[in-house]
Amino acid sequence: MSTYLLVHGAWHSGECWERVVPLLTGAGHRVYAPSLTGHGDRARLLGPDVGLDTHVDDIVRLITDEDLDDVVLVGHSYAGLVVSAAANRVPGRIGHLVYLDAMVPEHGETAADIQPVTRALIERTLASGDGWRVPPLPELPPPYGLFGVTDPADLAWLRTMLSDHAVRCFQQPVRLDDPAVRAIPRTHIHCVAAVPEGVVRRPVPAEERVWELPTGHDCMITMPAELTELLLKIA
């Protein structure tokens with residue numbers, strides 16, 4: 001039995017993994033899919049002080065409180081920063097890092113350093129409203145949709161779980177200063193259909209595995225079975 005810890009990206013909640021969790025548990029594995037502070041069942045905790053460090057604390061606390069070891073730690077999108085920094089804090093408890101169409105940081109980088117389109121979101125947020133709430137990205141015309149989701153029923157479900165994100169999450173730098181984190185095996189899963197203009201993806205080192213899914217960004221919604229099949233290869 002393996003332990004999977006699935007970490008959602010910005011604006012989402014742990015509910016986005018609802019189609020993947022039963023497939024992993026049905027294969028005999030233990031799965032955690034929490035909502036980060038400010039999202040899902042923890043939405044009431046959203047505030048200007050919520051940042052990347054808050055979300056890293058969420059994941060490290062879960063790992064230590066549940067005494068988890070050899071964790072397959074999966075980060076989607078923005079959560080690439082979260083899982084990287086969490087692994088830096090407890091490298092001995094992480095068996096594998098999975099970057100699911102995710103930001104892949106170096107030490108000291110912010111989301112804006114990794115994904116330049118994030119800078120515009122930060123600037124727009126600081127110049128308007130209360131200065132810290134970043135609303136979900138707007139739906140784009142097909143084939144891009146909303147986070148790569150275009151099916152009407154899927155879109156309706158996705159909208160129920162989206163909420164504002166705190167701008168501090170995009171501003172805080174990630175800390176990767178423990179050499180042990182570099183020894184953790186890594187897998188990258190890229191969603192290669194309908195990538196919006198301006199979204200960049202860094203080259204992956206030759207020693208790290210890369211898989212592709214022919215779907216949009218929120219593959220846990222659009223291709224849960226195919227995503228699970230890939231995740232099970234890591235177990």
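Not measured: the values here are computed from a predicted model.
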Expected output: side-chain Arg19 to main-chain Cys16 donor-acceptor under 3.5 Å: no
Inter-residue atom distance Arg168.CZ - Ile122.CD1, 0.5 Å rounding: 12.0 Å
Point-to-point distance, once rounded to the nearest 0.5 Å, from CG of Asp58 to CD1 of Ile63: 11.0 Å
N/O donor to acceptor pairs below 3.5 angstrom from side-chain atoms of residues 224-235, sequence neighbours left out:
{"unit_1": "Thr228", "atom_1": "OG1", "unit_2": "Pro224", "atom_2": "O", "d": "2.7"}

In a table with atom names and distances, give each donor-acceptor pair under 3.5 Å that connects a side chain of residues 138-153 to protein atoms at least two apart or in another chain.
{"unit_1": "Glu139", "atom_1": "OE1", "unit_2": "Arg159", "atom_2": "NH2", "d": "2.6"}
{"unit_1": "Asp151", "atom_1": "OD2", "unit_2": "Ala153", "atom_2": "N", "d": "3.1"}
{"unit_1": "Asp151", "atom_1": "OD2", "unit_2": "Asp154", "atom_2": "N", "d": "3.0"}

Cluster overlap Val72 with Leu23, hydrophobic side-chain contacts below 4.5 Å: no
Atom pair OG1/CG of Thr110 and Leu81 - distance to nearest 0.5 Å: 8.0 Å
Any donor-acceptor N/O pair, Trp132 side chain to Thr125 backbone, under 3.5 Å: no
Euclidean distance, Trp11 CH2 relative to Ser77 OG, rounded to 0.5 Å: 7.5 Å
Where Ser163 and Gly38 come nearest, the two heavy atoms and their spacing: OG-O, 4.0 Å
N/O donor to acceptor pairs below 3.5 angstrom from side-chain atoms of residues 185-200, sequence neighbours left out:
{"unit_1": "Thr187", "atom_1": "OG1", "unit_2": "His96", "atom_2": "NE2", "d": "2.7"}
{"unit_1": "Thr187", "atom_1": "OG1", "unit_2": "Arg209", "atom_2": "NE", "d": "3.2"}
{"unit_1": "Thr187", "atom_1": "OG1", "unit_2": "Arg209", "atom_2": "NH2", "d": "3.1"}
{"unit_1": "His188", "atom_1": "NE2", "unit_2": "Glu208", "atom_2": "OE1", "d": "2.5"}

Residues Arg89, Asp178: salt bridge by 4.0 Å N-O rule: no
salt_bridge(Arg182, Glu106) N-O dist < 4.0 Å: yes
Polar side-chain atom of His8 near backbone of Trp17 as donor-acceptor pair, under 3.5 Å: no
Interatomic distance, Thr25 atom OG1 to Arg30 atom CZ [nearest 0.5 angstrom]: 13.0 Å
His55 versus His165, closest heavy-atom pair with distance: CE1-CE1, 3.8 Å
Spacing of Leu73 atom CG and Ile94 atom CD1 [to the nearest 0.5 Å]: 5.0 Å
